[in-house]
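Below: one structure, written as structure tokens.
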Protein chains: 2
Amino acid sequence: MLNFFKQHASLVFENPQIVEDFQEIMVSQKFKKHDIIHSSGSVCSHFYVIASGLARVFYYKESKDITVHFAAEEDSFTAIDSLIQRKKSKYSIEALEDLEVFSINFNDLELLFEKKPEYEHFGRLFLQQIYIDLVERIDDLQLHSTKERYDILLTKKPYLFKRVASKHIASFLGMSAETFSRIRGK
Amino acid sequence: MLNFFKQHASLVFENPQIVEDFQEIMVSQKFKKHDIIHSSGSVCSHFYVIASGLARVFYYKESKDITVHFAAEEDSFTAIDSLIQRKKSKYSIEALEDLEVFSINFNDLELLFEKKPEYEHFGRLFLQQIYIDLVERIDDLQLHSTKERYDILLTKKPYLFKRVASKHIASFLGMSAETFSRIRGK
DNA sequence: GTGATTTCTTGATAATTGTCAAGTTTTATT
DNA sequence: AATAAAACTTGACAATTATCAAGAAATCAC
């Protein structure tokens, strides 16, 4: 868990009090493989950090199942549209492996921010980081062939190719399962 | 300018002091059409809000000129990779019309945040908003045909089609200029 | 305003990728 | 371990989109 903070904000280590404050609003939870952690159409009020396991965020477009995010150890996930805009989410979230997570209720987080405004800094740094991640993802999608997209992801997150069903990676990369299979087979 | 704040955080109106503090670090600047506001390869340390005019953020991929962001009145722009990560940017920024902007030095902004940590809240809300914008953009790109992408943008930002050269919109939508032209001609 | 440059359009063709279908392999259940 | 279900692979074909090329239209510079 410490790694998660380390990843996103070195400030944590300058003040162990911060870790304590955050741990106070974090709840440890477990899910089984294939469990649905969040269902589309409902409001998601939690933010999750993974201790172990792997999850995906996805939605349906014209009955096709599209993965938009993978999260493994130390990564975070949530139904981001719902969490930020406080509306029903278009996304669902599924455990792809048995999962141990730390769950943070967004209201608790906002209360903490109100009580200790200096922690907003952490929230901002975190958002800056995931914003950059998203910018990269757009670049990857906007201008690369299927083969290039495959290779980029293989370089960035090789473990996905061992731990996740191909069809989910294919949809994440915006290509058909057949095209994915042909690329993999060289 | 007030509209920019209104767009991103209603909190501003609960406390006019905030506007004042921000205005203290904002500098008014003008650019001529075709001016390069920022060149790739250099570090960008400013964040811009447009009072009037239109700009684009772009980069070169294999000698092709790819637009990744348009900004018009009340919108903001910067070389986001550079600003957040403090490294040389891959992006350049061009004025597509005569431009009046408010420019904020990122260091000044961070100093303001240090002096008044409660303003981090504003930074976080702003990032949340542009994060959601980006999520939508990925959805638009990942799973829509050229025609659909054209229609989505036409609905969301019709003014671009009147004010911006087609080739820039085409690259922004991830399609060739010829395909763009054929879709437009119905 | 005239010529030069850039942008846009249109056609022909080629390349990429998706869809459908059938068979194979892998995984899950009992 | 046997069976059922799900996931993956492969081929044939179709659809989409890019590329190249050439001409038309629009914009820019003097």
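Remember, it's a predicted structure, so these values are computed and weren't measured experimentally. In what follows, chains are A, B, ... by sequence order, proteins preceding strands, each numbered from 1.
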Let me know the distance between CD of A:E148 and P of C:dA15, rounded to the nearest Å. 17 Å

NZ/B:K88: more than 12 non-hydrogen atoms of other groups inside 6.0 Å: no

Between C:dT10 (C1') and B:I183 (CD1): distance, integer Å: 15 Å

Exactly one of A:H121, A:E120, A:Q128 should register a side chain to side chain donor-acceptor pair (under 3.5 Å) with B:R124. Which one does? A:E120

Besides B:V27, the hydrophobic cluster formed by Ile, Leu, Val, Met, Phe, Trp and Tyr side chains linked at under 4.5 Å, directly or via other members, contains none

Donor-acceptor pairs under 3.5 angstrom involving side-chain atoms of residues 160-170 of chain A: please list them, not counting sequence neighbours.
from	atom 1	to	atom 2	distance (Å)
A:R163	NE	A:E97	OE2	2.8
A:R163	NH1	A:E73	OE1	3.3
A:R163	NH2	A:E73	OE1	3.4
A:R163	NH2	A:E73	OE2	3.1
A:R163	NH2	A:E97	OE1	2.9
A:S166	OG	A:R184	NH1	3.1
A:S166	OG	A:R184	NH2	3.2

For B:D21, which residues count as a side-chain hydrogen bond (donor to acceptor under 3.5 Å, both in side chains) partner, sequence neighbours excluded? B:Q17, B:K116, B:Y119

Under-4.0 Å salt bridge between A:D133 and A:R137: no

Could you give the side-chain donor-acceptor pairs of residues 31-52 of chain B under 3.5 Å, partners two or more places apart or in another chain?
from	atom 1	to	atom 2	distance (Å)
B:D35	OD2	B:K32	N	2.7
B:H38	NE2	B:Y91	O	3.4
B:S42	OG	B:S39	O	2.7

Nucleic acid footprint by protein, nucleotides 24-30 of chain C - heavy-atom cut-off 4.0 Å, B for base, S for sugar-phosphate alone: ----S--

Reading 5' to 3' through nucleotides 10-23 of chain D, protein heavy-atom contacts under 4.0 Å coded B for base, S for sugar-phosphate only, - for none: BBB----SSBBB--

Going by heavy atoms closer than 4.0 Å, what residues in residues 154-167 of chain B are next to DNA chain D? none

Which atom pair, heavy atoms only, marks the closest approach of A:A79 to A:I93? N-CD1, 3.7 Å

Only counting residues at least two apart or in another chain, list the ones meeting salt bridge (Lys or Arg N to Asp or Glu O under 4.0 Å) with A:D108. none

So, using side-chain hydrogen bond (donor to acceptor under 3.5 Å, both in side chains) as the criterion, who are the partners of B:K61 when residues are at least two apart? A:H144

Axis deviation across the helix from C:dG1-D:dC30 to C:dT30-D:dA1, five-pair ends, to the nearest 10°: 70°

Please name all residues satisfying side-chain hydrogen bond (donor to acceptor under 3.5 Å, both in side chains) with A:T67, sequence neighbours left out, ordered by chain then number. A:R56

Taking the six-membered ring for Trp, are A:F22 and A:F122 closer than 6.0 Å centroid to centroid? yes

Could you work out, with salt bridge (Lys or Arg N to Asp or Glu O under 4.0 Å) as the rule, every residue matching B:E100, not counting sequence neighbours? B:K30

